[in-house]
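What follows is a single structure, written as structure tokens, with notes after it.
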Amino acid sequence: MRASQANHWWKSIALVLMAVPLFGWLALASVPANLASTCHWKQWPVLPSCQNPEDLSNEQRVLDLRGYLANNPGDSLSYAELARFATQPESVLKSSGTAVLNAATLTAPHDATVLQLQAGQALQDADWTTAVDRLVLLADTYRKANARTALAVFVAQSGTTPGLTDALLGAAKKDQAWLESVVRAMPAAGVPVTSAMLLAGRLAQTEGLTPKFGRQLIKQLKTEGAWLDAHAIWLSLWKQPLGFLFNGDFEKPFFPDAFDWEVMDNKTYQAGAQASLSNSGKQGQVLLVKFTGRPVKTPIIRQYLILPAGEYRFAGEYQSSNLRSNEGLAWALSCGADKQALAQTPALNRTGTNWSSFNVRFRVSAECGPLVTLSLQTQAAYEAKTGQHGEMMFDHFTITRESAQ
């Protein structure tokens with residue numbers, strides 16, 4: 001973006017916000033009438049004698065509103081409607097636009113049209129705190145898509161505009177819900193979610209991200225392929241160092257849309273393999289996978305890992321006394337999102353009542369990493385189609401970095 005464009009990008013948004021066509025005559029249609037004068041606000045069925053305000057000139061509409069206000073000086077709706085003409089010349093408005101907007105602000109401070117005009121005026125004045133505050137109200141309380149889109153652009157431009165980041169950060173410190181909805185709307189607005197990382201990083205350092213907002217941000221960053229950014233948000237949610245593998249002892253509930261275990265087939269009543277957490281006596285909570293005989297969707301369960309280049313060892317424990325399978329199961333590691341295979345455990349089958357252990361070494365190259373996928377699948381592809389019966393439990397998973405040989 002050229003410097004001249006970067007310096008004035010918000011002015012075009014301000015003009016849009018100040019323009020009458022943005023919300024059209026929505027306020028006139030949604031805030032109709034006071035039948036004390038029969039036609040002024042059209043609260044009753046429109047009579048043939050009532051003239052449509054849209055057919056009037058701006059001059060005549062302003063005169064009508066001023067005449068109505070002379071007889072009804074406390075009518076906030078009329079002040080809000082008059083404020084829609086605040087950008088008209090003083091010869092039409094019979095007053096300054098600022099004075100009209102101020103009067104409307106005093107009498108109808110929460111009117112959507114007034115908030116829109118205030119936001120537009122604040123943008124023209126580069127008053128970021130006021131502009132963001134009004135747009136957040138419009139987007140969050142009134143569900144205005146245009147305001148949400150404007151905020152998405154603000155979030156993307158915050159690093160290039162002095163004062164804007166602080167205004168957005170101040171609003172997010174009060175409530176992160178509006179920011180979550182803005183981030184969710186970014187793809188539809190043509191704004192990359194990665195552009196929210198500056199603001200999200202500042203927010204994480206000062207206030208911390210709410211789990212809901214953090215999860216939403218991680219999910220969308222993963223969709224964009226920004227895995228390192230997504231993992232940085234994941235680490236910020238925990239505010240402590242994490243191992244290469246998360247929740248390897250299966251003692252925590254699964255954290256959806258993040259870097260935890262993902263059960264791939266959520267239709268458990270139809271699934272050929274049903275993965276869940278279960279208590280297993282002295283073993284504590286374990287991963288339990290039940291097989292129903294139906295075709296198995298693979299991978300059954302997976303976790304995305306961020307691993308720098310190097311040598312690693314994956315180890316764990318498993319137990320099954322009743323699995324009916326020819327070839328058994330296997331945990332596989334692959335580059336990226338289920339792409340080039342790196343390593344696979346030996347076939348895991350029945351163990352009786354005792355727990356058995358497994359381990360496998362693997363190497364992550366610079367070309368492969370840092371994204372690695374760990375997933376459970378059938379050892380033989382044909383058994384995913386024919387199905388299996390019984391169950392298997394897993395516990396005490398670890399991934400450790402090995403010393404270079």
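Numbering of residues begins at 1 and proceeds along the displayed sequence. Predicted model, so just to flag it, every value in this text is computed and none were measured.
- Minimum heavy-atom separation, Leu237 to Thr210: CD2-O, 4.0 Å.
- Proximity of the aromatic rings of Phe397 and Phe358 is defined here by a centroid distance below 6.0 angstrom, and this criterion is met.
- Taking each heavy atom of Ala258 and Ile218 in turn, the nearest pair found is CA-CG2, 3.9 Å.
- No side-chain N or O of Gln274 forms a donor-acceptor pair with one of Glu391 less than 3.5 Å apart.
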Walk me through whether Phe246 and Phe259 qualify under ring pair (Phe, Tyr, Trp, His ring centres under 6.0 Å). CA-CA 7 Å; Phe246 185 77; Phe259 288 83; 9.6 Å; no

Would Asp166 and Arg202 count as a salt bridge (Lys or Arg N to Asp or Glu O under 4.0 Å) here? Give the steps. CA-CA 9 Å; Asp166 290 337; Arg202 288 277 302 275; 3.1 Å; yes

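- Between Trp238 and Phe255, the ring-plane angle classifies as tilted under the 30° and 60° cut-offs.
- Aromatic pair Tyr312/Phe244: ring centres closer than 6.0 Å.
- Of the options Val193, Val191, Leu221, a side chain to side chain contact (heavy atoms under 4.5 Å, CB included) to Val183 is made by Val193 and by none of the others.
- Put simply, the side chain of Thr141 never gets that close to the backbone of Leu138: no donor and acceptor are under 3.5 Å apart.
- When the side chain to side chain donor-acceptor pair (under 3.5 Å) test is applied to Ser325, the partners found at least two apart in sequence or on another chain are Glu383, Gln388.
- Scanning for side chain to side chain donor-acceptor pair (under 3.5 Å) contacts around Arg324 gives an empty result, with sequence neighbours left out.
- Residue pairs that meet the salt bridge (Lys or Arg N to Asp or Glu O under 4.0 Å) test with at least one member in residues 212-237, sequence neighbours left out, are Lys222-Glu262.
- In this structure a side-chain-to-backbone donor-acceptor pair under 3.5 Å is missing from Ser280 to Gln283.
- Here the side chains of Val286 and Leu277 are not in contact, with every heavy-atom distance at 4.5 Å or above.
- With values rounded to the nearest 0.5 angstrom, Thr161 atom OG1 is found 5.5 Å from Leu164 atom CG.
- Looking at every heavy atom in both residues, Asp395 comes nearest to Asp249 through OD1-O, 3.1 Å.
- Two rings, from Trp355 and Tyr318, have their centers 6.0 Å or more apart.
- Gln379 and Gln344 share a donor-acceptor pair across their side chains, judged by distance under 3.5 Å alone.
- Between the side chains of Thr223 and Gln220, not a single donor N or O lies within less than 3.5 Å of an accepting N or O.
- No side-chain heavy atom of Leu323 sits under 4.5 Å from any side-chain heavy atom of Leu348.
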